[in-house]
Amino acid sequence: MARDYDKFPDDENGHVLWQMYQDGDDLQDDHEIEFSIAFNSEEQADRCALHLLKEEQKISLYQDEESDTLEWTITIHVYMQPTYENIVDLEQWFTRIAAEFQGEYDGWGCMAYVYDDEDDPEEGESKLRSS
């Protein structure tokens, strides 16, 4: 099958979406996409988290204790159709929010369930796809 570069442009987001499509993911269905914003301080992360909650976003906040900088990460959980345009629009919005709160937008990902034709769906392999 030939890649449609209008649907799957030649950049990191296009490559991840193309790989999801090739792996059999139905991109017409809604998926839970996780967008991440990283912070160097808990105070910055808390302020941004409160802002995102006021924007009615579903979030989780955690501290990466293995990081040298004790980085704090907010993950925004968005249930959406994973089109290139939807991903790019939200990336731009989260990048602006990250900058406003002295954080850094850190990409997106989603869980993909990959099955062989012979696999039982209950025993399928899950993979995290990310950009």
Side-chain angles (χ1 to χ4, degrees):
M1 101 184 67
R3 181 172 172 169
D4 178 349
Y5 284 94
D6 289 331
K7 272 179 115 171
F8 306 106
D10 190 14
D11 65 10
E12 193 171 358
N13 289 328
H15 296 317
V16 171
L17 291 168
W18 174 243
Q19 187 62 55
M20 289 171 66
Y21 179 77
Q22 285 187 307
D23 286 345
D25 245 330
D26 185 349
L27 301 182
Q28 299 300 312
D29 289 344
D30 287 347
H31 290 59
E32 183 176 51
I33 309 293
E34 298 177 350
F35 297 86
S36 296
I37 302 175
F39 297 89
N40 290 327
S41 81
E42 182 178 10
E43 180 184 340
Q44 293 165 323
D46 286 346
R47 287 185 352 183
C48 185
L50 184 58
H51 174 79
L52 289 165
L53 289 170
K54 287 180 179 179
E55 291 290 325
E56 299 183 2
Q57 298 301 307
K58 177 182 170 186
I59 66 167
S60 57
L61 172 64
Y62 69 93
Q63 181 181 18
D64 183 356
E65 295 179 3
E66 295 179 14
S67 170
D68 293 337
T69 61
L70 296 177
E71 185 174 271
W72 289 83
T73 301
I74 294 174
T75 301
I76 306 105
H77 307 268
V78 181
Y79 197 66
M80 60 183 272
Q81 187 178 20
T83 66
Y84 182 83
E85 293 78 16
N86 289 347
I87 297 287
V88 169
D89 285 347
L90 282 173
E91 279 192 315
Q92 290 171 350
W93 187 52
F94 292 135
T95 297
R96 285 192 305 272
I97 290 171
E100 181 180 339
F101 293 94
Q102 294 79 46
E104 183 176 325
Y105 174 72
D106 197 31
W108 65 274
C110 75
M111 195 61 76
Y113 297 94
V114 180
Y115 306 102
D116 291 334
D117 289 339
E118 300 159 9
D119 280 347
D120 178 349
E122 298 296 318
E123 299 174 12
E125 176 184 354
S126 63
K127 296 181 180 180
L128 181 63
R129 304 281 188 215
S130 64
S131 141

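Only a predicted model underlies this, so the values are computations on that prediction, with no experimental measurement involved.
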Given side chains that start at C-beta, do those of Val16 and Trp108 come closer than 4.5 Å, heavy atoms only?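 Side chain of Val16 against side chain of Trp108, heavy atoms only: contact under 4.5 Å found.
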Taking C-beta and beyond as the side chain, do Ile37 and Phe39 meet within less than 4.5 Å on heavy atoms?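 Heavy-atom side-chain distance check passes, below 4.5 Å.
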How long is the straight-line distance from [atom2] of [Y] back to [atom1] of [X], given to the nearest 0.5 Å?
| X | Y | atom1 | atom2 | result |
| --- | --- | --- | --- | --- |
| Ile87 | Gln81 | CD1 | CD | 10.5 Å |
| Ser41 | Glu71 | OG | CD | 11.5 Å |
| Leu17 | Cys110 | CG | SG | 8.0 Å |
| Ile59 | Ser36 | CD1 | OG | 11.5 Å |
| Asp106 | Glu34 | CG | CD | 12.5 Å |

Pairs in or reaching into residues 48-63: which pass salt bridge (charged side-chain N to carboxylate O under 4.0 Å, His left out), with residues at least two apart or in two chains?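 The answer is Glu32-Lys58.
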Verify same cluster id: [X], [Y] (apolar side-chain graph, 4.5 Å):
| X | Y | value |
| --- | --- | --- |
| Ile76 | Leu50 | no |
| Trp72 | Tyr62 | no |
| Leu52 | Met80 | yes |

I'd like to check the salt bridge (Lys or Arg N to Asp or Glu O under 4.0 Å) partners of Glu104; sequence neighbours left out, ordered by chain and number.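 None.
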Short question: side chain of Asp25, backbone of Leu27 - any donor-acceptor pair under 3.5 Å?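 Side chain of Asp25 to backbone of Leu27, a donor-acceptor pair under 3.5 Å: no, none is there.
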For atom OH of Tyr21, decide whether the heavy atoms of other residues, nucleotides or ligands shown that lie under 6.0 angstrom number more than 12.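 Open.
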Contact summary for Ile74 and Ala49, nearest pair of heavy atoms: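 Distance-wise, the nearest heavy atoms are CD1-N, 3.5 Å.
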Does Leu90 form a side-chain contact (heavy atoms from CB on, under 4.5 Å) with Val78? I'd like the steps, not just the answer. CA-CA 9 Å; Leu90 282 173; Val78 181; 3.9 Å; yes
Residues that Asn86 engages under side-chain hydrogen bond (donor to acceptor under 3.5 Å, both in side chains), provided they are two or more places apart: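 Expected list: Thr83.
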Sequence neighbours left out, what passes side-chain hydrogen bond (donor to acceptor under 3.5 Å, both in side chains) with His51? Give chain and number order.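 With sequence neighbours excluded, His51 shows a side-chain hydrogen bond (donor to acceptor under 3.5 Å, both in side chains) to no residue whatsoever.
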Let me have the donor-acceptor pairs involving side chains of residues 2-10, under 3.5 Å, with sequence neighbours excluded, atom names and distances please.
unit_1, atom_1, unit_2, atom_2, d
Arg3, NE, Phe8, O, 2.9
Arg3, NH1, His15, ND1, 3.1
Arg3, NH2, Phe8, O, 3.0
Arg3, NH2, Pro9, O, 2.8
Arg3, NH2, Gly14, O, 3.4
Arg3, NH2, His15, ND1, 3.2
Asp4, OD1, Asp6, N, 2.9
Asp4, OD1, Lys7, N, 3.4
Asp10, OD1, His15, NE2, 3.1

Which donor-acceptor pairs under 3.5 Å do side chains of residues 92-102 form with protein atoms, sequence neighbours excluded?
unit_1, atom_1, unit_2, atom_2, d
Thr95, OG1, Glu91, O, 2.7
Gln102, OE1, Arg47, NH2, 3.4
Gln102, NE2, Glu100, O, 3.4

